[in-house]
There are 2 protein chains.
Amino acid sequence: MHPTRSRLITVATRLFQQRGYHAIGLSEILALSETPKGSLYHHFPGGKQELAEACIRRNAESSMAALDRVSATGLDIIGFLRNLSDVTEAWLQRTDWLDGSLLAAIGQEQGGASSPLGEAVRIAYQRIEMRLARWLMAEGVAVARARDMAATIIASQEGALVLARSRHDATPVRLVTDMLCAMVDRG
Amino acid sequence: MHPTRSRLITVATRLFQQRGYHAIGLSEILALSETPKGSLYHHFPGGKQELAEACIRRNAESSMAALDRVSATGLDIIGFLRNLSDVTEAWLQRTDWLDGSLLAAIGQEQGGASSPLGEAVRIAYQRIEMRLARWLMAEGVAVARARDMAATIIASQEGALVLARSRHDATPVRLVTDMLCAMVDRG
DNA sequence: CCATCGCTAGACTGCTCGGTCTATGTTGGC
DNA sequence: GCCAACATAGACCGAGCAGTCTAGCGATGG
(Lines give C-alpha, C1' and ligand atoms only; values in the text may rest on other atoms or scores of the structure.)
Protein backbone atom coordinates (compact mmCIF):
# COMPACT_ATOMS: atom_id res chain seq x y z
CA MET A 1 0.00 0.00 0.00
CA HIS A 2 1.35 3.39 -1.04
CA PRO A 3 2.26 5.51 2.02
CA THR A 4 0.29 8.55 0.86
CA ARG A 5 -2.79 6.45 0.29
CA SER A 6 -2.41 4.84 3.69
CA ARG A 7 -1.83 8.15 5.45
CA LEU A 8 -4.96 9.62 3.88
CA ILE A 9 -7.06 6.69 5.04
CA THR A 10 -5.64 6.91 8.56
CA VAL A 11 -6.27 10.63 8.93
CA ALA A 12 -9.68 10.53 7.26
CA THR A 13 -10.77 7.62 9.45
CA ARG A 14 -9.87 9.54 12.57
CA LEU A 15 -11.78 12.61 11.44
CA PHE A 16 -14.84 10.75 10.14
CA GLN A 17 -15.17 8.70 13.30
CA GLN A 18 -15.02 11.85 15.39
CA ARG A 19 -17.52 13.98 13.50
CA GLY A 20 -19.05 11.98 10.67
CA TYR A 21 -18.80 12.22 6.91
CA HIS A 22 -20.49 15.51 6.01
CA ALA A 23 -18.98 17.50 8.87
CA ILE A 24 -15.45 16.89 7.57
CA GLY A 25 -14.17 18.89 4.62
CA LEU A 26 -11.48 17.70 2.27
CA SER A 27 -9.44 20.71 3.31
CA GLU A 28 -9.25 19.41 6.86
CA ILE A 29 -8.16 15.94 5.75
CA LEU A 30 -5.56 17.39 3.40
CA ALA A 31 -4.17 19.84 5.96
CA LEU A 32 -3.92 17.26 8.75
CA SER A 33 -2.29 14.67 6.51
CA GLU A 34 -0.11 17.24 4.76
CA THR A 35 -1.19 16.02 1.37
CA PRO A 36 -1.97 18.12 -1.70
CA LYS A 37 -5.33 17.78 -3.39
CA GLY A 38 -3.79 16.29 -6.52
CA SER A 39 -2.51 13.30 -4.55
CA LEU A 40 -5.89 12.59 -3.07
CA TYR A 41 -7.55 12.53 -6.48
CA HIS A 42 -4.70 10.48 -7.88
CA HIS A 43 -5.14 7.73 -5.28
CA PHE A 44 -8.91 8.12 -4.97
CA PRO A 45 -10.35 9.21 -8.32
CA GLY A 46 -13.81 8.92 -6.79
CA GLY A 47 -12.91 11.71 -4.34
CA LYS A 48 -14.21 11.99 -0.80
CA GLN A 49 -16.66 9.16 -1.18
CA GLU A 50 -14.11 6.67 -2.43
CA LEU A 51 -11.79 7.68 0.39
CA ALA A 52 -14.57 7.07 2.92
CA GLU A 53 -15.27 3.66 1.41
CA ALA A 54 -11.60 2.78 1.83
CA CYS A 55 -11.79 3.92 5.47
CA ILE A 56 -14.81 1.71 6.06
CA ARG A 57 -13.15 -1.31 4.47
CA ARG A 58 -9.94 -0.86 6.44
CA ASN A 59 -11.97 -0.40 9.61
CA ALA A 60 -13.74 -3.71 9.05
CA GLU A 61 -10.45 -5.44 8.25
CA SER A 62 -8.77 -4.21 11.40
CA SER A 63 -11.76 -5.13 13.57
CA MET A 64 -11.69 -8.63 12.17
CA ALA A 65 -7.93 -8.83 12.63
CA ALA A 66 -8.32 -7.78 16.27
CA LEU A 67 -10.94 -10.47 16.70
CA ASP A 68 -8.63 -13.08 15.23
CA ARG A 69 -5.85 -11.97 17.55
CA VAL A 70 -8.09 -12.43 20.58
CA SER A 71 -9.28 -15.81 19.43
CA ALA A 72 -5.64 -16.89 19.01
CA THR A 73 -4.91 -16.13 22.69
CA GLY A 74 -7.44 -18.75 23.76
CA LEU A 75 -9.56 -16.30 25.77
CA ASP A 76 -13.12 -17.48 26.43
CA ILE A 77 -16.19 -15.44 25.56
CA ILE A 78 -16.56 -13.75 28.92
CA GLY A 79 -12.87 -12.91 28.87
CA PHE A 80 -13.28 -11.46 25.42
CA LEU A 81 -16.20 -9.24 26.44
CA ARG A 82 -14.35 -7.98 29.51
CA ASN A 83 -11.27 -7.30 27.44
CA LEU A 84 -13.33 -5.45 24.82
CA SER A 85 -14.89 -3.31 27.52
CA ASP A 86 -11.52 -2.41 29.04
CA VAL A 87 -9.97 -1.59 25.69
CA THR A 88 -12.95 0.52 24.67
CA GLU A 89 -12.91 2.44 27.93
CA ALA A 90 -9.20 3.14 27.68
CA TRP A 91 -9.60 4.25 24.07
CA LEU A 92 -12.45 6.65 24.88
CA GLN A 93 -10.49 8.25 27.68
CA ARG A 94 -7.24 8.40 25.74
CA THR A 95 -8.90 10.27 22.86
CA ASP A 96 -10.75 12.55 25.27
CA TRP A 97 -14.11 11.14 24.08
CA LEU A 98 -13.45 12.50 20.61
CA ASP A 99 -13.20 9.18 18.79
CA GLY A 100 -16.28 7.10 18.19
CA SER A 101 -17.44 4.32 15.93
CA LEU A 102 -16.65 5.01 12.27
CA LEU A 103 -19.36 2.66 11.06
CA ALA A 104 -22.02 4.15 13.31
CA ALA A 105 -21.00 7.70 12.43
CA ILE A 106 -21.14 7.19 8.68
CA GLY A 107 -24.03 4.73 8.86
CA GLN A 108 -26.23 7.27 10.65
CA GLU A 109 -25.74 9.83 7.93
CA GLN A 110 -26.63 7.46 5.14
CA GLY A 111 -29.74 6.32 6.95
CA GLY A 112 -31.69 3.59 5.31
CA ALA A 113 -31.27 5.11 1.88
CA SER A 114 -29.31 3.03 -0.60
CA SER A 115 -26.00 4.75 -1.26
CA PRO A 116 -22.49 3.43 -1.88
CA LEU A 117 -21.43 4.46 1.62
CA GLY A 118 -24.50 2.98 3.27
CA GLU A 119 -23.86 -0.25 1.42
CA ALA A 120 -20.20 -0.25 2.47
CA VAL A 121 -21.23 0.17 6.10
CA ARG A 122 -23.77 -2.63 5.83
CA ILE A 123 -21.14 -4.98 4.40
CA ALA A 124 -18.60 -3.99 7.04
CA TYR A 125 -21.04 -4.72 9.87
CA GLN A 126 -21.99 -7.98 8.24
CA ARG A 127 -18.40 -9.14 7.87
CA ILE A 128 -17.50 -8.29 11.47
CA GLU A 129 -20.66 -9.98 12.70
CA MET A 130 -19.92 -13.14 10.72
CA ARG A 131 -16.36 -13.30 11.99
CA LEU A 132 -17.58 -12.88 15.56
CA ALA A 133 -20.29 -15.52 15.09
CA ARG A 134 -17.77 -17.94 13.63
CA TRP A 135 -15.55 -17.56 16.67
CA LEU A 136 -18.52 -18.00 19.02
CA MET A 137 -19.34 -21.23 17.19
CA ALA A 138 -15.77 -22.41 17.68
CA GLU A 139 -16.30 -21.75 21.39
CA GLY A 140 -19.18 -24.19 21.34
CA VAL A 141 -22.18 -21.93 20.72
CA ALA A 142 -24.86 -23.34 18.42
CA VAL A 143 -25.02 -21.87 14.92
CA ALA A 144 -28.26 -19.87 15.10
CA ARG A 145 -27.50 -18.74 18.65
CA ALA A 146 -24.03 -17.58 17.61
CA ARG A 147 -25.45 -15.36 14.88
CA ASP A 148 -27.94 -13.82 17.29
CA MET A 149 -25.33 -13.30 19.97
CA ALA A 150 -22.95 -11.64 17.53
CA ALA A 151 -25.61 -9.16 16.40
CA THR A 152 -26.61 -8.48 19.99
CA ILE A 153 -23.03 -7.84 21.07
CA ILE A 154 -22.32 -5.44 18.21
CA ALA A 155 -25.59 -3.57 18.58
CA SER A 156 -25.32 -3.00 22.30
CA GLN A 157 -21.63 -2.09 22.18
CA GLU A 158 -22.29 0.48 19.45
CA GLY A 159 -25.11 1.97 21.46
CA ALA A 160 -23.01 2.06 24.62
CA LEU A 161 -20.34 3.92 22.69
CA VAL A 162 -22.84 6.57 21.56
CA LEU A 163 -24.10 7.14 25.07
CA ALA A 164 -20.69 7.03 26.73
CA ARG A 165 -19.25 9.57 24.36
CA SER A 166 -22.15 11.94 24.87
CA ARG A 167 -21.84 11.66 28.65
CA HIS A 168 -18.05 11.65 28.77
CA ASP A 169 -18.43 8.62 31.00
CA ALA A 170 -17.65 5.00 30.19
CA THR A 171 -20.28 3.56 32.53
CA PRO A 172 -22.66 2.54 29.70
CA VAL A 173 -19.90 0.41 28.19
CA ARG A 174 -19.40 -1.42 31.48
CA LEU A 175 -23.14 -1.84 32.08
CA VAL A 176 -23.74 -3.26 28.63
CA THR A 177 -20.77 -5.59 29.03
CA ASP A 178 -22.19 -6.89 32.31
CA MET A 179 -25.48 -7.62 30.61
CA LEU A 180 -23.77 -9.35 27.69
CA CYS A 181 -21.74 -11.50 30.09
CA ALA A 182 -24.95 -12.51 31.86
CA MET A 183 -26.48 -13.41 28.51
CA VAL A 184 -23.49 -15.58 27.61
CA ASP A 185 -23.49 -17.24 31.03
CA ARG A 186 -27.08 -18.37 30.59
CA GLY A 187 -26.41 -19.69 27.08
CA MET B 1 -46.50 27.51 20.08
CA HIS B 2 -46.58 29.36 16.78
CA PRO B 3 -47.52 27.01 13.89
CA THR B 4 -44.60 28.07 11.70
CA ARG B 5 -42.17 27.46 14.52
CA SER B 6 -43.71 24.08 15.21
CA ARG B 7 -43.73 23.09 11.55
CA LEU B 8 -40.06 23.98 11.20
CA ILE B 9 -39.17 21.83 14.20
CA THR B 10 -41.22 18.92 12.88
CA VAL B 11 -39.70 18.99 9.41
CA ALA B 12 -36.15 19.62 10.65
CA THR B 13 -36.43 16.79 13.16
CA ARG B 14 -37.44 14.37 10.44
CA LEU B 15 -34.55 15.40 8.21
CA PHE B 16 -31.92 15.52 10.96
CA GLN B 17 -32.88 12.10 12.28
CA GLN B 18 -32.62 10.64 8.80
CA ARG B 19 -29.28 12.07 7.74
CA GLY B 20 -27.75 14.04 10.60
CA TYR B 21 -27.08 17.71 11.17
CA HIS B 22 -24.40 18.63 8.63
CA ALA B 23 -25.91 16.64 5.76
CA ILE B 24 -29.07 18.75 5.84
CA GLY B 25 -29.06 22.21 4.29
CA LEU B 26 -31.37 24.99 5.36
CA SER B 27 -32.70 25.05 1.80
CA GLU B 28 -34.04 21.53 2.22
CA ILE B 29 -35.76 22.33 5.51
CA LEU B 30 -37.28 25.49 4.07
CA ALA B 31 -38.47 23.83 0.87
CA LEU B 32 -40.05 20.84 2.63
CA SER B 33 -41.77 22.99 5.23
CA GLU B 34 -42.72 25.67 2.68
CA THR B 35 -41.28 28.38 4.85
CA PRO B 36 -39.30 31.42 3.71
CA LYS B 37 -35.89 32.06 5.17
CA GLY B 38 -37.05 35.20 6.94
CA SER B 39 -39.49 33.21 9.05
CA LEU B 40 -36.82 30.78 10.15
CA TYR B 41 -34.54 33.56 11.33
CA HIS B 42 -37.48 35.33 12.95
CA HIS B 43 -38.37 32.30 15.08
CA PHE B 44 -34.80 31.05 15.49
CA PRO B 45 -32.40 34.02 15.50
CA GLY B 46 -29.58 31.58 16.20
CA GLY B 47 -30.20 29.94 12.83
CA LYS B 48 -29.70 26.27 12.06
CA GLN B 49 -28.09 25.50 15.39
CA GLU B 50 -30.89 27.00 17.47
CA LEU B 51 -33.42 25.11 15.35
CA ALA B 52 -31.56 21.86 15.99
CA GLU B 53 -31.49 22.57 19.73
CA ALA B 54 -35.25 23.03 19.65
CA CYS B 55 -35.59 19.71 17.80
CA ILE B 56 -33.51 17.98 20.44
CA ARG B 57 -35.53 19.47 23.27
CA ARG B 58 -38.85 18.56 21.70
CA ASN B 59 -37.53 15.06 21.02
CA ALA B 60 -36.67 14.60 24.68
CA GLU B 61 -40.04 15.98 25.75
CA SER B 62 -41.98 13.65 23.50
CA SER B 63 -39.93 10.64 24.57
CA MET B 64 -40.66 11.44 28.19
CA ALA B 65 -44.35 11.99 27.43
CA ALA B 66 -44.51 8.61 25.71
CA LEU B 67 -42.90 7.05 28.77
CA ASP B 68 -45.45 8.67 31.03
CA ARG B 69 -48.26 7.41 28.82
CA VAL B 70 -46.98 3.85 29.10
CA SER B 71 -46.54 4.08 32.83
CA ALA B 72 -50.14 5.32 33.11
CA THR B 73 -51.44 2.16 31.43
CA GLY B 74 -50.04 0.03 34.23
CA LEU B 75 -47.82 -2.07 31.93
CA ASP B 76 -45.01 -3.87 33.73
CA ILE B 77 -41.36 -3.56 32.69
CA ILE B 78 -41.32 -6.61 30.42
CA GLY B 79 -44.52 -5.40 28.79
CA PHE B 80 -42.96 -2.01 28.28
CA LEU B 81 -39.85 -3.44 26.63
CA ARG B 82 -41.92 -5.65 24.32
CA ASN B 83 -44.14 -2.75 23.42
CA LEU B 84 -41.12 -0.52 22.73
CA SER B 85 -39.67 -3.18 20.46
CA ASP B 86 -42.92 -3.56 18.50
CA VAL B 87 -43.39 0.16 18.13
CA THR B 88 -39.78 0.65 17.03
CA GLU B 89 -40.03 -2.13 14.47
CA ALA B 90 -43.25 -0.76 13.02
CA TRP B 91 -41.75 2.71 12.85
CA LEU B 92 -38.61 1.55 11.05
CA GLN B 93 -40.62 -0.32 8.47
CA ARG B 94 -43.18 2.44 8.01
CA THR B 95 -40.48 4.99 7.24
CA ASP B 96 -38.65 2.56 4.97
CA TRP B 97 -35.64 2.55 7.35
CA LEU B 98 -35.10 6.23 6.67
CA ASP B 99 -35.83 7.50 10.17
CA GLY B 100 -33.37 6.90 12.96
CA SER B 101 -32.56 8.30 16.37
CA LEU B 102 -32.28 12.08 16.35
CA LEU B 103 -30.12 12.12 19.46
CA ALA B 104 -27.73 9.49 18.14
CA ALA B 105 -27.51 11.17 14.73
CA ILE B 106 -26.67 14.61 16.08
CA GLY B 107 -24.69 13.24 19.02
CA GLN B 108 -22.33 11.34 16.71
CA GLU B 109 -21.49 14.46 14.76
CA GLN B 110 -20.67 16.49 17.85
CA GLY B 111 -18.50 13.73 19.21
CA GLY B 112 -17.05 14.30 22.61
CA ALA B 113 -16.23 17.92 21.82
CA SER B 114 -18.07 20.48 23.90
CA SER B 115 -20.55 22.30 21.69
CA PRO B 116 -24.05 23.65 22.29
CA LEU B 117 -25.56 20.81 20.30
CA GLY B 118 -23.48 18.14 22.02
CA GLU B 119 -24.53 19.58 25.36
CA ALA B 120 -28.20 19.59 24.30
CA VAL B 121 -27.96 15.93 23.32
CA ARG B 122 -26.28 15.05 26.62
CA ILE B 123 -29.03 16.76 28.58
CA ALA B 124 -31.75 15.12 26.48
CA TYR B 125 -30.31 11.65 27.09
CA GLN B 126 -29.96 12.41 30.78
CA ARG B 127 -33.55 13.58 31.15
CA ILE B 128 -34.97 10.55 29.33
CA GLU B 129 -32.78 8.25 31.37
CA MET B 130 -33.88 9.83 34.64
CA ARG B 131 -37.55 9.58 33.71
CA LEU B 132 -37.10 5.92 32.80
CA ALA B 133 -35.19 5.23 36.01
CA ARG B 134 -37.89 6.93 38.07
CA TRP B 135 -40.54 4.70 36.53
CA LEU B 136 -38.43 1.60 37.10
CA MET B 137 -38.14 2.59 40.74
CA ALA B 138 -41.91 2.95 40.94
CA GLU B 139 -42.06 -0.61 39.60
CA GLY B 140 -40.05 -1.75 42.58
CA VAL B 141 -36.48 -1.64 41.27
CA ALA B 142 -33.84 -0.45 43.72
CA VAL B 143 -32.50 3.07 43.15
CA ALA B 144 -28.96 2.31 41.96
CA ARG B 145 -30.14 -0.65 39.91
CA ALA B 146 -32.84 1.47 38.25
CA ARG B 147 -30.29 4.00 37.09
CA ASP B 148 -28.07 1.28 35.65
CA MET B 149 -30.97 -0.46 33.98
CA ALA B 150 -32.18 2.76 32.40
CA ALA B 151 -28.76 3.50 30.89
CA THR B 152 -28.44 -0.08 29.69
CA ILE B 153 -31.86 -0.01 28.03
CA ILE B 154 -31.22 3.26 26.23
CA ALA B 155 -27.72 2.31 25.12
CA SER B 156 -28.66 -1.06 23.70
CA GLN B 157 -31.82 0.23 22.03
CA GLU B 158 -29.89 3.02 20.34
CA GLY B 159 -27.30 0.57 19.10
CA ALA B 160 -29.95 -1.84 17.86
CA LEU B 161 -31.49 1.03 15.91
CA VAL B 162 -28.18 1.82 14.22
CA LEU B 163 -27.63 -1.78 13.18
CA ALA B 164 -31.23 -2.43 12.15
CA ARG B 165 -31.32 0.61 9.93
CA SER B 166 -28.07 -0.30 8.23
CA ARG B 167 -29.30 -3.84 7.58
CA HIS B 168 -32.89 -2.92 6.71
CA ASP B 169 -33.85 -5.60 9.19
CA ALA B 170 -35.40 -5.17 12.62
CA THR B 171 -33.87 -8.35 14.06
CA PRO B 172 -31.30 -6.48 16.19
CA VAL B 173 -34.12 -4.62 17.92
CA ARG B 174 -35.84 -7.88 18.83
CA LEU B 175 -32.60 -9.54 19.93
CA VAL B 176 -31.65 -6.67 22.18
CA THR B 177 -35.15 -6.59 23.62
CA ASP B 178 -34.93 -10.29 24.45
CA MET B 179 -31.68 -9.68 26.26
CA LEU B 180 -33.08 -6.72 28.17
CA CYS B 181 -36.12 -8.78 29.22
CA ALA B 182 -33.81 -11.51 30.51
CA MET B 183 -31.87 -8.91 32.45
CA VAL B 184 -35.05 -7.56 34.04
CA ASP B 185 -36.28 -11.06 34.85
CA ARG B 186 -33.14 -11.80 36.81
CA GLY B 187 -33.31 -8.50 38.69
C1' DC C 1 -58.83 54.89 8.63
C1' DC C 2 -54.59 54.48 10.05
C1' DA C 3 -50.41 53.25 12.88
C1' DT C 4 -48.14 49.42 14.93
C1' DC C 5 -45.89 45.24 15.05
C1' DG C 6 -45.41 40.29 14.47
C1' DC C 7 -44.42 37.75 10.69
C1' DT C 8 -43.56 36.55 5.85
C1' DA C 9 -40.92 36.98 1.71
C1' DG C 10 -36.88 36.27 -0.94
C1' DA C 11 -32.90 38.75 -3.11
C1' DC C 12 -28.33 39.09 -1.91
C1' DT C 13 -23.53 38.22 0.15
C1' DG C 14 -19.28 36.16 1.41
C1' DC C 15 -17.49 31.89 2.01
C1' DT C 16 -16.31 27.12 1.78
C1' DC C 17 -17.27 23.05 -0.37
C1' DG C 18 -15.95 19.00 -3.58
C1' DG C 19 -13.97 18.46 -7.83
C1' DT C 20 -11.04 19.59 -12.21
C1' DC C 21 -7.01 20.88 -14.59
C1' DT C 22 -2.36 21.85 -15.92
C1' DA C 23 2.33 22.02 -14.53
C1' DT C 24 6.05 20.04 -12.10
C1' DG C 25 8.81 16.77 -9.76
C1' DT C 26 10.59 11.78 -9.15
C1' DT C 27 11.76 7.28 -10.21
C1' DG C 28 12.91 2.92 -12.47
C1' DG C 29 13.77 0.40 -16.95
C1' DC C 30 16.35 0.57 -21.08
C1' DG D 1 21.14 9.85 -20.12
C1' DC D 2 16.36 9.51 -21.48
C1' DC D 3 11.74 8.59 -21.50
C1' DA D 4 7.46 6.98 -19.52
C1' DA D 5 4.66 6.39 -15.82
C1' DC D 6 3.65 7.65 -11.40
C1' DA D 7 2.93 10.99 -8.03
C1' DT D 8 2.84 15.64 -6.12
C1' DA D 9 1.46 20.37 -6.19
C1' DG D 10 -1.92 23.91 -5.87
C1' DA D 11 -4.47 27.44 -8.70
C1' DC D 12 -8.94 27.56 -10.20
C1' DC D 13 -14.12 26.74 -10.77
C1' DG D 14 -19.15 26.56 -10.22
C1' DA D 15 -22.38 25.24 -6.79
C1' DG D 16 -24.45 25.46 -2.61
C1' DC D 17 -23.93 26.76 2.04
C1' DA D 18 -25.46 29.64 6.39
C1' DG D 19 -26.64 33.94 7.38
C1' DT D 20 -28.14 39.19 6.54
C1' DC D 21 -31.07 42.72 5.06
C1' DT D 22 -34.83 45.44 3.31
C1' DA D 23 -39.46 45.43 1.81
C1' DG D 24 -44.10 44.34 2.37
C1' DC D 25 -48.13 41.86 4.22
C1' DG D 26 -52.07 41.48 7.52
C1' DA D 27 -54.29 41.42 11.89
C1' DT D 28 -55.16 44.17 15.97
C1' DG D 29 -56.05 48.26 18.74
C1' DG D 30 -56.89 53.28 18.79
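Letters A, B, ... mirror the listed sequences (proteins, then strands); counts begin at 1.
- The hydrophobic cluster containing B:M137, built from Ile/Leu/Val/Met/Phe/Trp/Tyr side-chain heavy atoms closer than 4.5 Å, also comprises B:V143.
- The side chain of A:P36 has D:dT8 as its nearest neighbour among D:dT8, C:dA11, C:dA9.
- For the 3.5 Å distance criterion, the side chains of B:R165 and A:Q110 fail to qualify, holding no donor opposite an acceptor.
- The interatomic distance linking A:K37 (NZ) with C:dA23 (P) rounds to 19 Å, in whole Å.
- Criterion: ILVMFWY side-chain heavy atoms under 4.5 Å apart, direct or through other members. Under it, B:V173 and B:I153 are not part of a common hydrophobic cluster.
- The pair B:D99-B:R94 fails the salt-bridge criterion, with no side-chain N (NZ, NE, NH1 or NH2) lying under 4.0 Å from an Asp/Glu carboxylate O.
- In this structure, the NE2 atom of B:H2 is 12 Å from the P atom of D:dA27, given to the nearest Å.
- Between A:E53 and A:F44 the shortest side-chain heavy-atom distance does not fall below 4.5 Å.
- Contact annotation: B:S39 side-chain N/O to C:dA9 OP1/OP2 distance is not under 4.0 Å.
- A:G38 comes within 4.0 angstrom of a base, heavy atoms only.
- Across all strands shown, B:T35 has no heavy atoms under 4.0 Å from either base or sugar-phosphate atoms.
- Spacing between atom CG of A:L30 and atom C1' of C:dG18 amounts to 10 Å, rounded to whole angstrom units.
- Atom CD in B:E28 sits roughly 15 Å away from atom C1' in D:dA15 (whole-Å rounding).
- Looking at heavy-atom distances under 4.0 Å, B:I24 makes contact with sugar-phosphate atoms alone, never a base.
- At whole-Å resolution of the value, CG in A:L26 and C1' in C:dG18 are 6 Å apart.
- Regarding A:L8, its CG atom lies at a distance of 12 Å from the C1' atom of D:dA7, rounded to whole Å.
- Across residues 41-50 of chain B, B:H42, B:H43 each have a non-hydrogen atom less than 4.0 Å from an atom of DNA chain C (numbered order).
- Here A:L40 lies out of heavy-atom contact (under 4.0 Å) with every strand.
- Nucleotide D:dT8 holds its P atom 12 Å from the CZ atom of A:R5, rounded to whole Å.
- B:S27 has no side-chain polar atom (N or O) that falls below the 4.0 Å cut-off from OP1 or OP2 of D:dG16.
- Every residue meeting the side chain to side chain donor-acceptor pair (under 3.5 Å) condition with A:R167, not counting sequence neighbours, appears here in chain and number order: A:D169, B:E129.
- A salt bridge links A:E119 with A:R122: the distance from a Lys NZ or Arg NE/NH1/NH2 to an Asp or Glu carboxylate oxygen falls below 4.0 Å.
- In this structure, the CD1 atom of B:I29 is 8 Å from the P atom of D:dA18, given to the nearest Å.
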